[in-house]
Amino acid sequence: MTATNDNTAPFPLGTPAALPSALARLRIRHLQALDILQRVGSVRQVAIELGITQPSALSLIDDLEFAFGTALVVRDHSGTRLTPAAQAVLARTRVALQEIAMGRQIALQHGGATARLRLGASPYLIGVAIPAMLARVRVQRPDTRPDIQDGALDVLVARLAQGELDAVLGNVERATLASNGLSLDQTLLGSEPLYVVAGPGHPLHGRATASLRHALVGPWVLPHPASHIRNLFDSAVFDAGAPPVVPQVECRGLLNLLAIAQASSMLTIAPATEIAKPMWSRDLTRLDCGMTLRVPPYVLLSRHYAPPIPEVEVLKACAQSVAVGLFGAMEEPTGGVADRGVQN
């Protein structure tokens, strides 16, 4: 499969009229063919899934290579595979396919009167911030239908980059953002400290202060070693010159940590906002033991659109308003978002 290009001159982003003519002639089916080929590795299967002949499927690939001006597919004795250039093209065209599908779905709902807002976040942030955010969104845009999805932060960011989500709320590292190859808008929201807490029955329960030496004795329930909260904790212990803490229990999720500490007379760490809730404050004691950790700032991530999607812009404003109430006003740190992120 060879490739040429009828117009390789650069053109301004956001100006479809300036697209080279070969690109302008592409159809949705061309993008679907590349997507299917990456998934199944067979031109024959591409033809079957699209309901066309195999020569027609090959023609779609030829059109794509001509339009993008480079080889996208390699066929040899080991089968059919995409070139690195095709992988880069597909990372962006998949977003286009997702957006087209979502646009059709919205148009079919009451003639376009309902706007769907797909928002991803950790279970902790869904409980802490999202209810108040959505209440404000519904006041300003009552036609919005939110779809809230939880999951690990890296998975949610990948789904955002692929067009499966409209926004993600969480703590995100620069490396995570850079890895998906897309420029994402970041709305800085705020930050909060993590504190050590003791469950009922623990020797330190009911005490306002304790020495770090006594606190590190445990027993502890902590996040898994791969999580960023655990990394923050382990770094603080190392900086204090103490030996590494070996937790008695490890699990995922801040709410799970608190529930286990509450029921099992253990120590754990949790954000100030969550500890202050009545369901925890009645039973858990926040300890001042010289170990206060501040999680990197919370941010709302979204893809960049020109012009912006109205419901996403409303979500940003509502998220900032809620964050001020929860975490206080915050100035953006030098260099933007903090270099270290946190996954719950």
Note, [X] side chain near [Y] side chain (heavy atom, < 4.5 Å):
| X | Y | result |
| --- | --- | --- |
| Cys318 | Val139 | no |
| Ile229 | Ile269 | yes |
| Leu34 | Leu82 | yes |
| Val249 | Pro247 | no |
| Val168 | Leu119 | no |
| Cys251 | Ile260 | yes |
| Leu156 | Leu165 | yes |
| Gln32 | Leu50 | yes |

What pair of heavy atoms forms the shortest contact from [X] to [Y], and how long is it?
| X | Y | answer |
| --- | --- | --- |
| Leu267 | Ala198 | CD2-CB, 3.4 Å |
| Leu125 | Ala121 | CB-CB, 4.3 Å |
| Ala270 | Ile275 | O-CD1, 3.3 Å |
| Leu188 | Pro297 | CD1-CB, 3.5 Å |
| Met133 | Ala319 | CE-CB, 3.7 Å |
| Pro244 | Val237 | CA-CG1, 4.4 Å |

Taking atom [atom1] of [X] and atom [atom2] of [Y], what is their separation to the nearest 0.5 Å?
| X | Y | atom1 | atom2 | answer |
| --- | --- | --- | --- | --- |
| Ser191 | Phe327 | OG | CZ | 8.0 Å |
| Leu284 | Met279 | CG | CE | 9.5 Å |
| Glu274 | Ser281 | CD | OG | 10.5 Å |
| Leu255 | Leu257 | CG | CG | 8.5 Å |

Who are the side-chain hydrogen bond (donor to acceptor under 3.5 Å, both in side chains) partners of [X], not counting sequence neighbours?
| X | value |
| --- | --- |
| Asp147 | Arg116, Gln149 |
| Thr273 | Glu192 |
| Glu313 | Lys316 |
| Asp283 | Gln262 |

[X] side chain vs [Y] backbone, donor-acceptor pair below 3.5 Å:
| X | Y | value |
| --- | --- | --- |
| Ser235 | Leu232 | no |
| Ser302 | Asp166 | no |
| Thr285 | Gly206 | yes |
| Glu65 | Leu72 | yes |
| Thr268 | Ala261 | no |

Practice problem: Taking salt bridge (charged side-chain N to carboxylate O under 4.0 Å, His left out) as the test, write out the residues that go with Arg159, two or more places apart. | Solution: Glu164
Practice problem: Kindly indicate, with the supporting measurements, whether the criterion side-chain contact (heavy atoms from CB on, under 4.5 Å) is fulfilled by Ile61 and Leu37. | Solution: CA-CA 10 Å; Ile61 301 301; Leu37 187 58; 4.0 Å; yes
Practice problem: Verify side-chain contact (heavy atoms from CB on, under 4.5 Å) between Arg286 and Val196, making sure each step is shown before the conclusion. | Solution: CA-CA 6 Å; Arg286 195 182 90 182; Val196 175; over 6 Å; no
Self-check item: Pairs where residues 29-53 contributes a residue and the test ring pair (Phe, Tyr, Trp, His ring centres under 6.0 Å) is met, not counting sequence neighbours
Solution: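 Output for this query is empty, none listed.
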Same apolar cluster (I L V M F W Y, side chains within < 4.5 Å links), [X]/[Y]:
| X | Y | value |
| --- | --- | --- |
| Leu31 | Val40 | yes |
| Phe238 | Leu222 | no |
| Tyr124 | Ile148 | yes |

With sequence neighbours excluded, what pairs up with [X] under the side chain to side chain contact (heavy atoms under 4.5 Å, CB included) test?
| X | result |
| --- | --- |
| Asp234 | Arg230 |
| Ala57 | Val43, Val46, Ala47, Ile52 |
| Ala259 | Trp280 |

Quiz prompt | Residue pairs fulfilling side chain to side chain donor-acceptor pair (under 3.5 Å) with at least one residue in residues 46-59, sequence neighbours excluded | solution = Arg39-Glu49, Thr53-Ser56
Quiz item: Should we count CZ of Arg138 as having more than 12 external heavy atoms under 6.0 Å?
Solution: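 Not buried by this count: 12 neighbours or fewer within 6.0 Å.
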Quiz item: Could you go step by step and tell me if Asp185 and Arg303 meet the side-chain contact (heavy atoms from CB on, under 4.5 Å) rule?
Solution: CA-CA 6 Å; Asp185 287 344; Arg303 292 189 308 283; over 6 Å; no
Quiz item: Stepwise, does the side-chain contact (heavy atoms from CB on, under 4.5 Å) test hold for Leu169 with Ile130?
Solution: CA-CA 9 Å; Leu169 179 63; Ile130 287 183; 4.0 Å; yes
Quiz item: Considering residues at least two apart in sequence or located in another chain, which fulfil the ring pair (Phe, Tyr, Trp, His ring centres under 6.0 Å) criterion with Trp220?
Solution: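 Result, ring pair (Phe, Tyr, Trp, His ring centres under 6.0 Å) vs Trp220: Phe233.
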Return a table of donor-acceptor pairs under 3.5 angstrom between the side chains of residues 207-219 and protein atoms on other chains or two or more places apart.
residue: Ser211; atom: OG; partner: His214; partner atom: N; Å: 3.1
residue: Ser211; atom: OG; partner: His214; partner atom: ND1; Å: 2.9

